[in-house]
Amino acid sequence: VWLGTYLGGLHRIKPAVVHVISEAEGLRNRNVTGTYVDRSGAVWAGTWSQGVSRIDPTTGRVQGFGSPAQAPSWGNVFFEGRDGTFWIGRRENDRDLYRCTRGASLACTEELSAVGPLRGVLAIDEDADGRLWVGTTSGVYRRDRDRLVLLDTLVGAPRFPVRAFATSPDGAMWLGTNGGGVVRYREGVFTAITTGNGLPSNLIRALHVDRDGWLWIGTEGRGITRLD
């Protein structure tokens with residue numbers, strides 16, 4: 001288990017062992033704002049205004065990327081697409097989505113929407129068809145024909161910040177919003193599930209579909225619930 005902390009670095013917890021990685025080990029900054037494990041097993045850590053760091057799964061070596069050409073100064077959200085594209089999102093409300101190429105180093109370029117920069121990126125995922133979805137403070141974007149489009153004109157599309165995604169075995173895309181509950185998208189239709197349908201809160205922090213297909217919902221201040 002990897003834990004990002006405020007001013008305490010990155011903690012790795014194994015049975016009876018807590019291993020702390022901070023500036024002395026090569027971390028860009030001890031204030032960790034986001035963590036992610038990619039398909040190679042490498043651990044990525046976003047830091048407070050100092051770029052991102054990568055921990056090699058075999059050697060444990062910490063490599064930092066901090067120049068503007070390498071990585072954004074903040075890294076809150078990470079996602080590895082099925083085509084290998086690596087995405088980094090920030091929550092700074094100014095030029096907050098980056099497409100990155102990994103190798104011996106890291107090279108990132110800003111990704112724009114159809115109308116300009118994305119601001120306040122909170123979550124990134126792909127649907128069953130491989131389309132990129134980006135949750136932001138202003139709603140949800142989807143990548144269609146190589147363009148990121150804000151889905152604000154579709155009936156039922158959430159007008160709230162989108163903080164989490166999950167995909168269920170039936171191909172549905174689930175969106176966790178900050179104020180609008182959980183929204184299900186399938187075959188072009190958005191359906192909202194809120195406190196009016198039995199949710200304990202409309203403030204959603206996390207979503208997870210388990211191996212049996214159950215959707216688990218983490219709420220803000222009202223615990224965890226399971227959607228049958």
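Source: prediction; values computed, not measured.
Judged purely by atom type and a 3.5 angstrom limit, T33 uses its side chain to pair as donor or acceptor with the backbone of G46. At least one donor-acceptor pair closer than 3.5 Å links the side chain of S113 to the backbone N or O of V115. For Y98 (side chain) and G75 (main-chain N/O), no donor-acceptor pair under 3.5 Å exists by modelled atom type. Between the side chain of R119 and the backbone N or O of T137, no donor-acceptor pair lies under 3.5 Å. The backbone N or O of N31 lies less than 3.5 Å from a partner atom in the side chain of N29, making a donor-acceptor pair. One N or O on the side chain of R159 and one on the backbone of A157 form a donor-acceptor pair closer than 3.5 Å. Side chain of Q50 to main chain of R30: no donor-acceptor pair is present (N/O by atom type, distance under 3.5 Å, no hydrogens or angles).
E110 meets the side chain to side chain donor-acceptor pair (under 3.5 Å) test with R95; sequence neighbours excluded. Under the side chain to side chain donor-acceptor pair (under 3.5 Å) criterion, R142 pairs with D144, Y185, not counting sequence neighbours.
The aromatic rings of Y6 and W48 lie perpendicular to each other, with more than 60° between the two planes, well past the 30° mark. Ring orientation note: the planes of F165 and W133 are nearly perpendicular, at an angle over 60° on the 30°/60° scale.
Note on residues 180-228: no pairs pass disulfide (SG to SG under 2.5 Å), not counting sequence neighbours.
In this structure, R54 and L106 have side chains that are not in contact, with every pair of non-hydrogen atoms separated by 4.5 Å or more. The side-chain heavy atoms of E111 and L132, taken from C-beta on, include no pair separated by under 4.5 Å.
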Check the pair R184, D170 against salt bridge (charged side-chain N to carboxylate O under 4.0 Å, His left out), reporting the backbone distance first and the verdict last.
CA-CA 11 Å; R184 178 179 183 263; D170 64 354; 3.1 Å; yes
Begin with the C-alpha distance, continue with both residues' side-chain angles, and end with the deciding distance and a verdict on side chain to side chain contact (heavy atoms under 4.5 Å, CB included) for L151 and F190.
CA-CA 11 Å; L151 302 182; F190 287 98; 4.0 Å; yes
Would you sort out whether D210 and R226 count as a salt bridge (charged side-chain N to carboxylate O under 4.0 Å, His left out), showing the intermediate values?
CA-CA 10 Å; D210 66 21; R226 190 182 76 178; 5.9 Å; no
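Of all the heavy atoms in R90 and N76, the pair that sits closest is CA-OD1, 3.4 Å. Taking each heavy atom of G120 and D96 in turn, the nearest pair found is N-OD2, 2.7 Å.
No hydrogens or angles considered: nothing links the side chains of S201 and E220 as a donor-acceptor pair under 3.5 Å.
By the neighbour-count criterion of 12 heavy atoms within 6.0 Å, atom CZ of R147 is sparsely surrounded, having that number or fewer from other residues, nucleotides or ligands. The 12-atom threshold is not exceeded at CZ of R222, counting heavy atoms of other residues, nucleotides or ligands nearer than 6.0 Å. At most 12 heavy atoms of other shown residues, nucleotides or ligands fall within 6.0 angstrom of atom CD1 in I224.
H11 pairs with exactly one of V20, T35, I21 by the side chain to side chain contact (heavy atoms under 4.5 Å, CB included) rule, that one being V20.
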